[in-house]
Amino acid sequence: MTYTYDPQNIFARILRGEIPNKTVLETAHSLAFYDISPQAPVHILLIPKGAYVNFDHFAAEASAEELVDFHRAAAQICASAGVAPGVGGAGYRTLSNAGSHGMQEVPHYHLHILAGRVLGPLVLKV
Ligand code: AMP
C-alpha cells in the first residue's frame, strides 16, 4: 500500500507549532485539540504526531506504541470530558473520514470525538 503524506497540511502545521490550537491533551505520540468549527457541544480532534494520512494508514503502519498511546489518549479524553458511559456520561461518537467518499478535508489522520447532544443517525441519506 502506498500513502502519500502532504507535510503542508494544516494539522502537520499545528504539530510544528506554526498554527495555534486549543490543546485538550498531549501525550508522547498524540495531540488532541478542539475543532475550530464544532458540530456538537463537545468536538475534539485527536491526531497522531506521526505522518499518517488516514485511519487505514495509521492502523496498518503505526508502531504498537503509537497505536496504544493514541487509543489510551482517546479513552482519557472521553473520561475527562465526562461523556464516557463508564464515567456516567451520556455517550459520544467517534468518527474518522478518509478520502473523497469519506469527505476528508485534512489529510492527516484524525479521530473526531463528538458529544454533548443526541447526535442523530450515523450518516445522512442523500
Ligand atoms: P475532516 O473533514 O474529517 O477532514 O475534518 C477536518 C476537521 O478539521 C473539520 O471538522 C474542521 O473544522 C477542522 N479544522 C480545520 N482546521 C482546523 C484548525 N486550524 N484547528 C482545529 N480544527 C480545524
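Both ligands and their constituent atoms are indexed starting at 1 by order of listing. Keep in mind that what you see is a predicted model, and the values were worked out from it rather than measured.
With ligand atoms numbered from 1 in the order given, ligand 1 contributes 12 (O) to contacts under 4.0 Å with heavy atoms of S37. Below 4.0 Å from some heavy atom of M103 lie the following atoms of ligand 1, by number and element: 2 (O). For ligand 1, the atoms sitting less than 4.0 Å from at least one non-hydrogen atom of F33 are 21 (C), numbered in the order shown with element in parentheses. Taking every non-hydrogen atom of N97 and a distance limit under 4.0 Å, the qualifying atoms of ligand 1 come out as 1 (P), 2 (O), 3 (O). Heavy-atom contacts of Y34 reach the following atoms of ligand 1: 21 (C) (cutoff under 4.0 Å). Set against the non-hydrogen atoms of Q104, the atoms of ligand 1 under 4.0 Å away are 4 (O).
Within the 6.0 Å centre-distance limit, the rings of F58 and Y52 are counted as a close aromatic pair. Within the 6.0 Å centre-distance limit, the rings of H108 and Y5 are counted as a close aromatic pair. Here the two rings, on F11 and F33, have centers that are under 6.0 Å apart.
Residue H112 places a heavy atom less than 4.0 Å from ligand 1.
Looking only at side-chain heavy atoms (C-beta outward), L45 and L111 stay at 4.5 Å or farther from each other. Side-chain contact between V42 and L114: absent, with no pair of heavy atoms (C-beta onward) separated by less than 4.5 Å. With contacts defined as side-chain heavy-atom distances shorter than 4.5 Å, the pair Y34/N21 does not qualify.
Taking distance alone, with nitrogen or oxygen atoms compared against 3.5 Å, V106 approaches ligand 1 more closely than that limit. At a 3.5 angstrom cut-off on N or O pairs, H43 does not count as close to ligand 1.
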Derivation of the side-chain contact (heavy atoms from CB on, under 4.5 Å) call for T4 and V53: CA-CA 7 Å; T4 305; V53 173; 5.9 Å; no
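Under the side-chain contact (heavy atoms from CB on, under 4.5 Å) criterion, H29 pairs with E65, E66, D69, not counting sequence neighbours.
Here the protein heavy atom with the shortest distance to atom 22 (N) of ligand 1 is I36 N, 3.1 Å. With respect to atom 4 (O) of ligand 1, the closest heavy atom belonging to the protein is E105 N, 2.7 Å. With hydrogens left out, the protein atom closest to atom 12 (O) of ligand 1 is D35 OD1, 2.5 Å, a heavy atom. Protein heavy atom closest to atom 6 (C) of ligand 1, with residue, atom name and distance, is H110 NE2, 3.5 Å. The protein atom (non-hydrogen) at minimum distance from atom 8 (O) of ligand 1 is F11 CZ, 3.4 Å.
Residue L45 touches ligand 1 through its side chain alone, judged by heavy-atom distances below 4.0 Å.
Taking the six-membered ring where the residue is Trp, H43 and H112 present tilted rings, their angle falling between 30° and 60°.
In this structure, the separation between CZ on F70 and OG on S30 is 6.0 Å, given to the nearest 0.5 Å.
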